[in-house]
Amino acid sequence: MFTRSMRALRATALIIALSALTLLAAGCGDDDSDSSAVDTTDDDHATFAFGEPADPDDATQTIEVSMLDTLAYDPPSITVPVGETVLFEVTNDGAIPHEFVLGDHELQLEHEEEMSEMDGDTEMHGEPNAIAVEPGETKELAFTFVEAGSLEYGCHEPGHYDGGMVGELVVE
């Protein structure tokens with residue numbers, strides 16, 4: 001009788017442990033419903049719902065963007081054609097670091113949260129839709145936009161995005 005109780009107790013403990021592991025594994029899954037999610041099925045090339053990084057040599061248009069310490073971009077709004085590769089030449093004309101992050105509003109909010117969790121260490125972590133630009137530097141970012149819509153370019157240095165350092169990018 002004691003042995004039967006021990007087996008039942010072990011079986012119950014095993015069932016509870018397996019149930020807990022199943023719940024834990026389910027909580028770790030990705031939610032692919034995010035329209036701005038990065039598709040990493042191709043190891044050499046990340047894509048987004050709105051487009052993908054491109055070779056600067058394939059650009060059909062170059063757009064110069066200036067980053068200002070007044071927490072603004074010049075120009076504050078850009079329109080690009082769907083299907084074409086655009087080269088952004090981004091210059092930090094200020095005295096403090098800035099970023100240029102392409103994406104929809106949801107992606108911008110996700111990046112803002114990531115940056116706030118970095119406790120002051122705001123160095124870029126290799127996103128294919130973003131560049132960090134130090135004062136006086138100019139960097140390039142080439143992108144092909146595959147879907148029409150409204151996007152943003154934003155800076156996520158501490159306080160910059162909330163302070164209004166965001167531009168409108170219209171793909172038509």
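Note that this is a predicted model, so its numbers are computed, not measured.
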* **Ring centres under 6.0 angstrom apart (F88, F100)** => yes
* Mind running side-chain contact (heavy atoms from CB on, under 4.5 Å) on D69 and H98 for me, showing each step along the way? => CA-CA 8 Å; D69 287 347; H98 292 294; 2.9 Å; yes
* To do: Would you kindly say whether E84 and T60 are connected by a side-chain donor-acceptor distance under 3.5 Å?
  => yes
* Looking at A130 and V101, what are the two nearest heavy atoms and their distance? -> CB-CG2, 3.7 Å
* Group every Ile, Leu, Val, Met, Phe, Trp and Tyr by side-chain heavy-atom contacts under 4.5 Å, then state whether I63 and L102 land in the same group. => yes
* Structure fact -> Nearest heavy-atom contact between G159 and L71 is O-CD1, 4.1 Å
* Over all heavy atoms of both residues, which pair between P135 and G94 is shortest? Give the atoms and the distance, please. => CB-O, 3.3 Å
* **Spacing of M67 atom CE and Y153 atom OH [to the nearest 0.5 Å]** => 10.5 Å
* **side-chain contact (heavy atoms from CB on, under 4.5 Å) assessment of E52 paired with N129** => CA-CA 8 Å; E52 61 189 24; N129 63 321; over 6 Å; no
* Asked: How long is the span from the CD atom in E110 to the CE atom in M115, to the nearest 0.5 Å?
  -> 14.5 Å
* Any idea which heavy atoms bring D55 and A142 closest together, and the distance? -> C-CB, 4.0 Å
* Asked: Cut-off 3.5 Å, side chains only: do D93 and S66 have a donor facing an acceptor?
  -> yes
* Asked: Side chains of V90 and I131: closer than 4.5 Å at any heavy-atom pair?
  -> yes
* Asked: Of H156, H160, E157, which is the lone residue that meets side chain to side chain contact (heavy atoms under 4.5 Å, CB included) with M165?
  -> H160
* Check the angle between the aromatic planes of F50 and F48 and answer parallel, tilted or perpendicular using the 30° and 60° thresholds. => parallel
* Flag side-chain contact, heavy atom, 4.5 Å: E112 against D162 -> yes
* In Å, rounded to the nearest 0.5 Å, how long is the span from CG of L87 to CD of E64? -> 10.0 Å
* Asked: What is the distance from atom CD1 of I96 to atom SG of C155, rounded to the nearest 0.5 Å?
  -> 7.5 Å
* Working for side-chain contact (heavy atoms from CB on, under 4.5 Å), residues E89 and V65 -> CA-CA 6 Å; E89 285 186 353; V65 178; over 6 Å; no
* With E172, the side chain to side chain contact (heavy atoms under 4.5 Å, CB included) member among T79, V82, V80 -> T79
* Asked: Will you find, in the side chains of E152 and Y161, an N or O donor that is under 3.5 Å from an N or O acceptor?
  -> yes
* To do: Determine, step by step, whether T144 and D58 satisfy the side-chain contact (heavy atoms from CB on, under 4.5 Å) criterion, reporting the C-alpha distance in whole Å, the side-chain angles of both residues, the deciding distance to 0.1 Å, and the verdict.
  => CA-CA 9 Å; T144 303; D58 294 336; over 6 Å; no
* Near Q61 CD, under 6.0 Å, is it more than 12 heavy atoms from other residues, nucleotides or ligands? -> yes
* Indicate the atoms forming the closest heavy-atom contact of E140 with P56, along with that distance. => OE1-CB, 4.3 Å
* Asked: CG/L109 to CD/E114 distance, rounded to the nearest 0.5 angstrom?
  -> 11.5 Å
* Asked: Same cluster or not: are V171 and I78 linked, directly or through other Ile, Leu, Val, Met, Phe, Trp or Tyr residues, by side-chain heavy atoms under 4.5 angstrom apart?
  -> yes
* Asked: Is there a path of hydrophobic side-chain contacts, each under 4.5 Å between heavy atoms of I, L, V, M, F, W or Y residues, that connects Y73 with L141?
  -> yes
* To do: Kindly give the heavy-atom pair with the smallest separation between K139 and E137, and that separation in Å.
  => CE-OE1, 3.5 Å
* To do: Examine V133 and F143 and state if one hydrophobic cluster contains both, with Ile, Leu, Val, Met, Phe, Trp and Tyr joined whenever side-chain heavy atoms are less than 4.5 Å apart.
  => yes
